[in-house]
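Below you'll find the structure, written out as structure tokens, and then a few comments.
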Amino acid sequence: MLRVGQNTRRAGLIAASVLGAGAALLLVAMAVLPFLVPAAELRRVAAQALAGSTGQKVEILGEPSIRLFPSPRVVLGKVSFPLPAGQSLDAENVVTRLDLLQLVAGRVAVNDVIVEHPTLVLTGEGMAPALGIAPVLAATDRPELRIVDGTIAWRSGSGLTRELVSGITASLDRVLDRAGIAVAIQFDWREQPVNATLFIDDITAFMAGTPAPMRVTVATDGAKARFHGRAALGKSPTMDGAVTADADSLRDLFDWAGMEAPTRSGFGPFSLASRLKLEKGEVALTEASVDLDGNRGDGGLLVKVSGPRPLIQGTFAADHITLAPYGAMRLTGGDQQGWDRGAVDLSALGACDLDLRLSAARVDVGDTALSTVAASAVLSAGRLVLAIGEAHGWGGVLRASLTLAPAPPDAAAPQAHRSAGAELRLEAEATDVELARALDDIGGFRRIDGTGTLQVDVTGAGRSIQDIAANLQGSAGLTAANGYLNGFDVAQLLQRIERRPLSATSDWRGGRTAFTEISGRIAISDGVGTVEELAMRGPRAQIEMTGSLSIVQRALDLAGHAALPATKGAKAGAIDLPFSVRGPWDEPSIMADPLSLIERSGAALPLLEAVKGRTTAPAAERAMDGGASVADPQQPPAN
């Protein structure tokens, strides 16, 4: 059992009496303080502290009052901060918390300022607040600042007010013996919470332009960015340090920021790790590692903002890139039967200039795999050039260049559509490629097997893909060797026609025809391609064709001749057959010329002569009935 001696009890009683007396004196002092400190002094000190912590002139709209519990503070009530250019900043209440020891000594010193429910209203086009924040950050003797439930709104010229940012809660604390600052802010923007923190170890050096340690973090739902390094403000801001960023979905981040993603799909998980350097208006990302939708690349970026438009330059290298997350480029409409008639608007290309270089060991485009790819994207003054300097694919080498630019405004078009539309030019060459794979991947054409070279040089302009197809100009060429023409067997068909001409009057699709060489050249004008040359030569058949193809209607109208090579003992004139190819270019109808077949048929020849008026109707009827011979009607029947 603990025993307390008499001396100990006596010391405890003395200590309790001293503490009680001190507390009583403190309570008495606090009770009479409001009478000892003049109201004018409270108003002056509170207004000075508020102006010092916010950097703004202050108008106190009511009488300040001092409150001692639970801690001494001055309540100013509603205040206004006069701003130029029609802007306004008001707060429903402002509280300045006082230093108790200074107050007991008869002096008024402010520890921090709490601004409750402030509302900043912006007007005009720039929407830049006219706030004097720099002096607040630079001065180490200013009170600390708290903002509770603030709002930023914008007012139009007609007086309509729209809330931009709400729920702003922020604090500015002096740290590291008041040499540095710590800023924390939370707010709601577009219905998403945002949290940001800023730490600067030496605020005086930072404001004067001398680099000081700095750490920044900005986070929202599913996305976060961080910087850790040294920075300075001064006359020209500088930063040098490590930056990281990641997002669960870059597309969601674009949507939240009011930006449109470049493609209809993809732009999912994203991460960036790099060294960042800001100097003289240029932002350089070096030793950068970027991962988007599982595609990882290493390289660097340089962003210049000093010109008429921001300029982004960069070089990246990757081992493997897949374009599957971004979907296939769709040029057709919803029914997949015609070109897309939706308006094309490339006005966003004028937002910045771009110069990006990309190299990849492998690029997957749908079912097509390209290797050793060297590509570039150059955007200047709204004109975009996408180029593949060289890539290996379809067993050969591919080079291509696509130029896109907004079409000039059409003064005759409605105002809403004057800026819509595009101009394009496509130059491409695929050398020594497997034609079956290349033509299928490019246009879904499956008629030719073999190795060959494709060349395309076309230009077009219009408000939609449909309009561009209707205005297309240029040329296309094809050469191939040692392959097959799929869809019909020319040699077999001609041999059958020699024996029974009328057996080939129907659609004669099926089989395939071997060839040793194919050459073709098409001139394109106003969306219609004219066949200048199209010839196929093979060991068992030869074909030559002329005609046209409608690009805008996606249809063929071709006429040709198919022939068997002349051989010893072949009957003269029996190896040449006219035919036609008409209909949609993905499934055309191939038909032999009916007149030629009739002329080759001995049984049908009397019918042709009857049609021409060279024989009598009974003879024609017997011919139609399949009679073996035609007799003279004046002669008696044979016994």
Side-chain angles (χ1 to χ4, degrees), residues 242-251 261-276 284-303 311-330 354-379 384-404 426-444 449-456:
V243 62
T244 60
D246 55 79
D248 296 339
S249 172
L250 194 58
R251 178 173 296 275
T263 61
R264 298 178 181 177
S265 57
F267 286 85
F270 167 80
S271 67
L272 165 70
S274 175
R275 184 167 188 84
L276 180 147
L285 295 175
T286 57
E287 305 173 18
S289 177
V290 180
D291 193 315
L292 176 61
D293 295 317
N295 296 317
R296 185 179 181 276
D298 299 312
L301 280 176
L302 177 64
V303 181
L311 171 62
I312 303 174
Q313 297 175 314
T315 302
F316 281 89
D319 292 330
H320 183 201
I321 295 176
T322 176
L323 301 183
Y326 312 105
M329 180 181 293
R330 193 184 73 179
L354 184 71
D355 187 352
L356 291 181
R357 313 288 167 167
L358 173 67
S359 60
R362 176 187 172 95
V363 177
D364 291 337
V365 186
D367 295 331
T368 303
L370 304 178
S371 61
T372 319
V373 178
S376 65
V378 178
L379 174 61
L384 175 63
V385 180
L386 302 174
I388 298 178
E390 183 171 297
H392 294 79
W394 304 307
V397 178
L398 172 67
R399 298 179 180 86
S401 173
L402 174 64
T403 302
L404 291 171
L426 173 63
E427 299 174 274
E429 181 179 26
T431 305
D432 297 329
V433 297
E434 297 177 22
L435 292 174
R437 292 167 52 196
L439 293 175
D440 187 15
D441 289 347
I442 294 172
D449 281 330
T451 301
T453 297
L454 295 167
Q455 294 176 319
V456 176

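Any value given below was found using the heavy atoms of this structure, including those in side chains, with hydrogens, waters and symmetry copies removed.
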Tell me which donor-acceptor pairs under 3.5 Å the side chains of residues 316-325 have, and how far apart each pair is, sequence neighbours excluded?
| from | atom 1 | to | atom 2 | distance (Å) |
| --- | --- | --- | --- | --- |
| His320 | NE2 | Asp364 | OD2 | 2.8 |
| Thr322 | OG1 | Ala324 | N | 3.3 |

Return all side-chain donor-acceptor pairs below 3.5 angstrom for residues 284-294, not counting sequence neighbours, or 'none' if the list is empty.
| from | atom 1 | to | atom 2 | distance (Å) |
| --- | --- | --- | --- | --- |
| Ser289 | OG | Arg296 | NE | 3.4 |
| Ser289 | OG | Arg296 | NH2 | 3.1 |
| Ser289 | OG | Asp298 | OD1 | 3.3 |
| Asp291 | OD1 | Gly294 | N | 3.3 |
| Asp293 | OD1 | Gly268 | N | 2.6 |
| Asp293 | OD2 | Phe267 | N | 2.8 |
| Asp293 | OD2 | Tyr326 | OH | 2.9 |

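Counting only residues at least two apart or on different chains, the salt bridge (charged side-chain N to carboxylate O under 4.0 Å, His left out) pairs with a member in residues 384-400 are Glu390-Arg399.
Residues passing the side chain to side chain donor-acceptor pair (under 3.5 Å) test with Thr372, sequence neighbours excluded: none. Under the rule for a salt bridge (charged side-chain N to carboxylate O under 4.0 Å, His left out), Glu429 has no partner lying at least two apart in sequence or in another chain. Under the side chain to side chain donor-acceptor pair (under 3.5 Å) criterion, Ser271 pairs with no residue, sequence neighbours left out. Qualifying side chain to side chain donor-acceptor pair (under 3.5 Å) partners for His392, counting only residues two or more places apart in sequence or in other chains: none. Applying the side chain to side chain donor-acceptor pair (under 3.5 Å) criterion to Asp355, with sequence neighbours excluded, gives Arg357.
At a threshold of 4.5 Å between non-hydrogen side-chain atoms, the residues Leu435 and Leu454 count as touching. Within the 4.5 Å cutoff, the side chain of Val373 has no heavy atoms near those of the Leu358 side chain. For the pair Leu386/Leu384, a side-chain contact is recorded, criterion being any heavy-atom separation below 4.5 Å from C-beta on. Side-chain contact between Thr453 and Asp432 is present, with heavy atoms from C-beta onward closer than 4.5 Å.
Contact between Gly314 and Leu301 at its shortest, heavy atoms only, is CA-CD2, 3.7 Å. Across all non-hydrogen atoms, the minimal contact from Arg251 to Ser265 is NH2-O, 2.9 Å.
Atom-to-atom distance recorded for Leu379:CG and Leu356:CG is 9.5 Å, nearest 0.5 angstrom. Here CG of Leu370 is found 6.5 Å from OG1 of Thr368. Values are rounded to the nearest 0.5 Å. Distance check, rounded to the nearest 0.5 Å: CG of Asp246 to CG of Leu272 gives 9.5 Å.
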